Structure formats: structure tokens, C-alpha cells
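FYI, the numbering just counts along the sequence from 1. Only a predicted model underlies this, so the values are computations on that prediction, with no experimental measurement involved.
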Amino acid sequence: MKKYLFLFIGILFFVNVSCKKDQSIINVVIPNGDFENWDWLQFPQNWKTNSCPPCTPPYEMNIAQEDSLEVYHGKYSVKLIYNLTPPILGAAPTWLKNKFAITDHPNNLHGYIKCNIHGTDTVYIGIKLLNRGVTVDEGNWKSTVTINNWTLVNIPISQSNSTIDSALITIIGGKFKDSTTTMTNSTTFWVDNLFLN
């Protein structure tokens, strides 16, 4: 009888510890990870970008904008367009970065994406887990092919260090310069509903 009592207590302890661990990871929230919040200049809140949505030609080299037509969840997604204008200034991929405090080490970064790849271009999502400004774990995903329908991507995060204080997520909407790219013929990358577990 005592043997069964100890076994029962052991199972309860294991279930309790497992549930607490899973619950703390589920509560990790990426600030504006669903891209529902935008400021009056049409920048996604909590995200830094090299984009200038309110700029007009010839100055709008990189475009990250809210999209209410192509949406996986909620009212908006973010659409990144690789724009080479004006060519005299060169070209750079459109990027978004979100750095936020976090203490629970997630296993994966998930998100829903669609992309229309032009030429030999690449789209990218990456996460770095930091401790005092130093990267201790990371994960990344990239694609060089068009994905026409909303698709869930799962990005495993390395598990070499359990002590973290922040996370940095980077999204890049184009990587390579292609001299034939124009606003109507460029890589387009949609991202929506990013979350950690």
C-alpha cells in the first residue's frame, strides 16, 4: 500500500511541475507579435524598421506596411516589399526588429507566412535569445521559393543556455539585389501571428 501511495505522490509532483513549466512558457508574449497595433505614421508598434511607409517616391526604398487584405489572424498582417527605388542610392532589404524582455526559455518561435519570391531573393525570420547583450541561443528560418497560402513555420530555438534576459526577433523581406526588380515586380513577404512556446 505504501508503495502505491509513494507512486501516486510522485506522479502528482511530476504533473504539477510539468504544468507549471508549460504554463510559464505559454505566457511568453511577443509585443505586437500579431501586428495588430500600428502608429499614426503606419509603423508597427514595438518594432524597429528601416522602412518609411509614409515616404513617397523616389525615397521609399524599403517598405514594411500594414495589410488588411492578406491576413491570417485578426485585422492586420505585416507586408514587407523589397523596393530598389531609387537605384542611385543602392538597395537594402526591408527589415523589422523587436527586442523585448523574457526570462523563460522558449523552445520554438512560430508564425504564419506567405511570400512571393522574385528572382534569387530570400526571406528570413530569426530569433536570438540574449543574456546581458550576448547571444546564448538562436533559431532561424528562410525561404527562396514562393509560398502562395498562409503556412505555419516552426523555428526551433537552440537550448544551450537556460539563463536569458531578452529576445530579439528579426524579419527580413528580401536579401539579394536584382537589377530587374521594380515596385510591381518585387519580393513580397507577409508575416502574421508570431508566438513562442
Side-chain angles (χ1 to χ4, degrees), residues 17-18 20-55 61-66 73-74 76-83 89-113 115 121-144 152-177 187 189-197:
V17 169
S18 297
K20 284 183 180 177
K21 184 176 179 185
D22 289 345
Q23 192 174 32
S24 66
I25 291 174
I26 290 171
N27 289 330
V28 174
V29 175
I30 300 169
N32 200 22
D34 58 358
F35 299 101
E36 292 300 298
N37 302 310
W38 298 76
D39 67 20
W40 66 280
L41 286 172
Q42 297 303 304
F43 288 101
Q45 293 179 4
N46 302 101
W47 293 84
K48 293 183 178 182
T49 181
N50 64 342
S51 179
C52 184
C55 296
M61 272 188 63
N62 311 293
I63 308 290
Q65 58 189 243
E66 74 177 25
H73 177 264
Y76 304 107
S77 67
V78 64
K79 176 170 74 170
L80 293 87
I81 302 171
Y82 188 40
N83 181 4
L89 297 177
T94 304
W95 55 260
L96 291 168
K97 295 182 180 185
N98 188 344
K99 186 177 179 182
F100 53 96
I102 183 174
T103 55
D104 294 317
H105 195 304
N107 295 315
N108 301 283
L109 170 63
H110 306 279
Y112 289 86
I113 62 94
C115 57
D121 215 343
T122 301
V123 294
Y124 169 90
I125 300 174
I127 182 169
K128 292 183 178 182
L129 301 182
L130 310 169
N131 184 27
R132 298 180 182 176
V134 176
T135 301
V136 295
D137 280 309
E138 60 189 321
N140 61 72
W141 170 90
K142 65 181 177 179
S143 180
T144 57
L152 175 65
V153 294
N154 301 304
I155 305 169
I157 302 170
S158 60
Q159 302 290 314
S160 62
N161 194 327
S162 61
T163 305
I164 59 171
D165 57 26
S166 57
L168 173 64
I169 297 174
T170 302
I171 302 170
I172 301 175
K175 188 174 182 182
F176 302 112
K177 181 176 179 178
T187 293
F189 184 31
W190 291 269
V191 181
D192 201 0
N193 202 35
L194 293 174
F195 63 98
L196 294 164
N197 78 348

Side chain to side chain contact (heavy atoms under 4.5 Å, CB included) against Thr163, all qualifying residues, sequence neighbours excluded: Asn131, Asn161
Test item: Tyr76 and Asp192 side chains (from C-beta on) under 4.5 Å apart, heavy atoms: no
Atom pair CD1 (Ile127) and CD1 (Ile171), whose distance is rounded to the nearest 0.5 Å: 11.0 Å
Donor-acceptor pair, side chain of Asp39 and main chain of Leu41, under 3.5 angstrom: yes
Value rounded to 0.5 Å, distance of CG in Leu194 from OH in Tyr112: 11.0 Å
Asn37 side, atom CG; Phe43 side, atom CZ - distance, nearest 0.5 Å: 15.5 Å
Separation between OG of Ser158 and CG of Leu129, rounded to the nearest 0.5 Å: 7.0 Å
CA sep, side-chain torsions, deciding dist, call: Gln65, Gln42, side-chain contact (heavy atoms from CB on, under 4.5 Å): CA-CA 7 Å; Gln65 58 189 243; Gln42 297 303 304; over 6 Å; no
Where Ser77 and Val191 come nearest, the two heavy atoms and their spacing: CB-O, 3.5 Å
Result of checking Asn197, Ile30, Leu196 against Pro106 for side chain to side chain contact (heavy atoms under 4.5 Å, CB included): Leu196
Test side-chain contact (heavy atoms from CB on, under 4.5 Å) applied to Lys128 and Leu130, step by step: CA-CA 6 Å; Lys128 292 183 178 182; Leu130 310 169; 4.2 Å; yes
For Asn46, all residues meeting side chain to side chain contact (heavy atoms under 4.5 Å, CB included), sequence neighbours excluded: Pro31, Asn32, Asn98
Check: Thr49 side chain, Trp95 main-chain N or O, donor-acceptor pair, under 3.5 Å: yes
Note, Phe189 side chain near Ile172 side chain (heavy atom, < 4.5 Å): no
Check against side-chain contact (heavy atoms from CB on, under 4.5 Å), Phe100 and Ile169: CA-CA 9 Å; Phe100 53 96; Ile169 297 174; 3.9 Å; yes
Heavy-atom closest pair, residues His73 and Glu36: O-OE2, 3.5 Å
From OG (Ser143) to CD1 (Ile125), nearest 0.5 Å: 10.0 Å
Exercise: identify the closest heavy-atom pair between Pro44 and Leu96: CG-CD2, 3.8 Å
CG-CD1 distance between Asn140 and Ile157, expressed to the nearest 0.5 angstrom: 11.0 Å
Pairwise side-chain contact, Val78 with Trp38, heavy-atom cut-off 4.5 Å (strictly under): yes
Heavy-atom pair of closest approach, residues Thr170 and Lys97: OG1-CG, 3.8 Å
Test side-chain contact (heavy atoms from CB on, under 4.5 Å) applied to Thr94 and Asn50, step by step: CA-CA 6 Å; Thr94 304; Asn50 64 342; 4.1 Å; yes
